[in-house]
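What follows is a short report on a single structure.
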Amino acid sequence: MKSRGNYIAPATAPVSLTVPAGSAGQRLDRVLARLLPEHSRSRLAQWMRAGQVVLDGRPVMPRHKVWGGEVIELIARPEPAAGVYGAEDIPLEIVFEDDTLLVVNKPAGLVVHPGSGNWHGTMLNALLRHAPALSGVPRAGIVHRLDKDTSGLLVVAKTLAAQTHLVRQLQARSVTREYLAVAHGRIARGGRIEAPIGRHPVKRTRMAVVARGRPAVTHYEVLERFTDATLLRCRLETGRTHQIRVHLNSIGHPLVGDPAYGKRHSQIAFPRQALHAEKLALVHPRTRRERSWRADPPADLQELIEALRGEAEKPSTATSKASSKG
């Protein structure tokens with residue numbers, strides 16, 4: 001199947017299976033989900049509705065009941081949406097890569113997925129150039145995102161099976177995602193924020209803590225306190241849009257430099273939200289072994305931390321005056 005862009009979506013050989021005799025009277029989607037656990041039930045149902053699953057030579061719907069002995073043939077074609085974006089020559093910092101996964105250290109300023117106002121120049125476009133076979137995986141293998149101006153680690157699945165495995169890990173909250181964050185104010189101690197997040201009731205481009213939002217949990221640890229800011233390590237249990245930014249703002253300590261949730265008139269100058277995805281840990285979909293990666297914060301965030309540290313080490317005006325009188 002040829003896609004719009006400068007790559008060709010790979011063809012996938014049909015998979016042939018026989019319905020087990022013990023499956024008599026059961027729905028096909030449930031039987032197929034047991035036979036092919038590497039794919040989600042929703043994805044298998046989508047393929048059935050698209051005519052990509054045939055039972056004894058004829059297409060069938062997910063609810064179709066089987067009786068044992070039938071032959072199932074599955075052709076897992078790339079989704080149409082995977083072929084609408086072009087490959088672009090955009091540099092990527094690859095931290096890890098094998099035949100199953102890609103781990104990228106995303107720079108601040110790079111949009112992850114094309115969308116309104118950003119149809120080109122995204123990480124997805126760069127991924128399609130780096131690994132053209134990703135055109136055959138929904139969303140080019142992207143299973144979670146970072147905001148445009150958040151830097152750090154992001155994992156990409158190179159196969160359908162790996163993508164399903166990673167999504168299930170995210171749903172089970174077994175993926176470790178830790179961030180470095182610089183927040184306004186001096187935070188006394190670490191803690192846990194559990195507050196539902198949903199679309200802001202008035203400012204629809206923003207998120208907020210709202211009663212009917214989706215459950216969200218953020219853990220934070222104080223690493224260092226400055227004069228009027230705090231360096232934190234935040235760990236996500238859930239992965240809601242803008243989660244750390246919204247949660248810290250909700251407790252009165254928004255991120256330094258955050259254009260949406262930060263302070264309008266701040267004495268601390270920084271051109272973006274001070275947030276970096278520092279650590280990523282997960283179970284490798286193929287080897288089933290835990291892997292972890294860490295990325296140092298980029299130069300701009302390191303310079304901010306050093307500047308705040310230097311400011312905090314200066315003697316206060318009152319102390320200077322007292323010293324001069326002595």
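Bear in mind the structure is a predicted one, so any value in this text is a computation, not a measurement.
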Would you sort out whether E97 and K158 count as a salt bridge (charged side-chain N to carboxylate O under 4.0 Å, His left out), showing the intermediate values? CA-CA 9 Å; E97 181 175 12; K158 295 180 75 173; 2.9 Å; yes
Hydrophobic cluster membership, with links at side-chain heavy-atom distances under 4.5 Å among I/L/V/M/F/W/Y: are V31 and W47 in one? yes
Mark yes or no for whether H276, through its side chain, and A295, through its backbone, hold a donor-acceptor pair below 3.5 Å. yes
Close side-chain approach of L55 to V19, heavy-atom, < 4.5 Å: yes
Counting C-beta onward and ignoring hydrogens, is there a side-chain heavy-atom pair between R58 and H64 closer than 4.5 Å? yes
For the side chain of E88 and the backbone of G121, is there at least one donor-acceptor N/O pair under 3.5 Å apart? yes
Would you call Q267 and D228 a side-chain contact if the rule is heavy atoms closer than 4.5 Å? no
Indicate, with yes or no, if V71 and I75 share a hydrophobic cluster defined by side-chain heavy-atom contacts under 4.5 Å among Ile, Leu, Val, Met, Phe, Trp and Tyr. no
Knowing that exactly one of Q273, H184, R245 qualifies, which makes a side-chain hydrogen bond (donor to acceptor under 3.5 Å, both in side chains) with D258? R245
Closest contact, heavy atoms only, V222 versus I187: CG2-O, 3.7 Å
Steps toward side chain to side chain contact (heavy atoms under 4.5 Å, CB included) verdict (V209, V246): CA-CA 7 Å; V209 171; V246 172; 3.9 Å; yes
Using the side chain to side chain contact (heavy atoms under 4.5 Å, CB included) rule, take L275 and L146 through it: C-alpha gap first, then chi angles, then the decisive distance, then the call. CA-CA 10 Å; L275 188 62; L146 296 176; over 6 Å; no
Quick check against the 3.5 Å criterion: does R186 have a side-chain atom that pairs as donor or acceptor with the backbone of F226? yes
To the nearest 0.5 Å, atom CZ of R240 lies from atom CZ of R214 at 4.0 Å
Would you compute the distance between atom OH of Y179 and atom CG of L236 and round it to the nearest 0.5 angstrom? 5.0 Å
Report yes or no: do L102 and V143 belong to one cluster of Ile/Leu/Val/Met/Phe/Trp/Tyr joined by side chain heavy-atom distances under 4.5 Å? no
I'd like to know if the side chain of H113 and the backbone of L124 have a donor-acceptor N/O pair within less than 3.5 Å. no
Which residue, Q169, Q163, R168, forms the side-chain hydrogen bond (donor to acceptor under 3.5 Å, both in side chains) with H165? Q169
So how far is it from L280 CG to H144 NE2, rounded to the nearest 0.5 Å? 5.5 Å
Under 3.5 Å donor-acceptor, T100 side chain and R286 backbone: no
Roughly how far, to the nearest 0.5 Å, is CG of L44 from CG of D29? 8.5 Å
Of the options V60, T18, L28, which is the one that meets I72 in a side-chain contact (heavy atoms from CB on, under 4.5 Å)? L28
I244 vs L232, test: side chain to side chain contact (heavy atoms under 4.5 Å, CB included). Steps then yes/no. CA-CA 11 Å; I244 292 174; L232 302 171; over 6 Å; no
Might you point out which heavy atoms bring R233 and R294 nearest each other, and give the distance in Å? NH2-NH1, 4.3 Å
Closest approach of H253 and G185, non-hydrogen atoms and distance? ND1-CA, 3.9 Å
Considering non-hydrogen atoms only, spot the tightest contact between Y261 and N249 and give its length. O-OD1, 3.1 Å
Evaluate the side chain to side chain contact (heavy atoms under 4.5 Å, CB included) criterion for residues H130 and I94: first the C-alpha distance (whole Å), next the side-chain angles of each, then the deciding distance (0.1 Å), finally the verdict. CA-CA 10 Å; H130 176 79; I94 305 297; 4.1 Å; yes
Please examine the side chains of V182 and I268, heavy atoms only from C-beta on, and report whether any two atoms are closer than 4.5 Å. no
In terms of heavy-atom contacts, does CZ of R34 have more than 12 from other residues, nucleotides or ligands at under 6.0 Å? yes
Are L308 and L223 linked, directly or through intermediate hydrophobic residues, by side-chain heavy-atom contacts shorter than 4.5 Å (ILVMFWY only)? yes
Between V104 and M123, the two heavy atoms sitting closest are CG1-SD, 4.1 Å
Measure from the side-chain N and O atoms of R272 to the backbone N and O of D149, and report whether any donor-acceptor pair falls under 3.5 Å. yes
Examine L127 and L101 and state if one hydrophobic cluster contains both, with Ile, Leu, Val, Met, Phe, Trp and Tyr joined whenever side-chain heavy atoms are less than 4.5 Å apart. no
Any side-chain heavy atom of K65 sitting closer than 4.5 Å to one from Q26? no
If you measure only the distance, is there a donor-acceptor pair under 3.5 Å linking the side chains of Q243 and R177? no
Are R30 and P62 side-chain neighbours, meaning at least one heavy-atom pair lies under 4.5 Å? no
Under the 3.5 angstrom rule, does the side chain of N125 hit a backbone N or O of G86 as a donor-acceptor pair? yes
Is a donor on one side and an acceptor on the other found under 3.5 Å between the side chain of H219 and the backbone of E237? no
With no hydrogens and no angle check, is any side-chain donor or acceptor of T159 less than 3.5 Å from a backbone partner on A162? yes
Inspect the surroundings of CZ in R63 and state if more than 12 heavy atoms from other residues, nucleotides or ligands are less than 6.0 Å away. no
Find the distance between OG1 (T205) and CZ (R199) and round it off to the nearest 0.5 Å. 7.5 Å
On a heavy-atom basis, the closest approach of L248 and C234 is CD1-SG, 4.4 Å
Residue R204 excluded, over 12 heavy atoms near CZ under 6.0 Å: yes
At what distance, to the nearest 0.5 angstrom, does CG of D300 lie from CZ of F270? 4.0 Å
Taking the side chain from K279 and the backbone from L153, do they hold a donor-acceptor pair closer than 3.5 Å? no
For a 4.5 angstrom cut-off between non-hydrogen side-chain atoms, does Y220 reach H247? no
Any idea how Y85 and W119 line up, ring-wise: parallel (<30°), tilted (30 to 60°), or perpendicular (>60°)? parallel
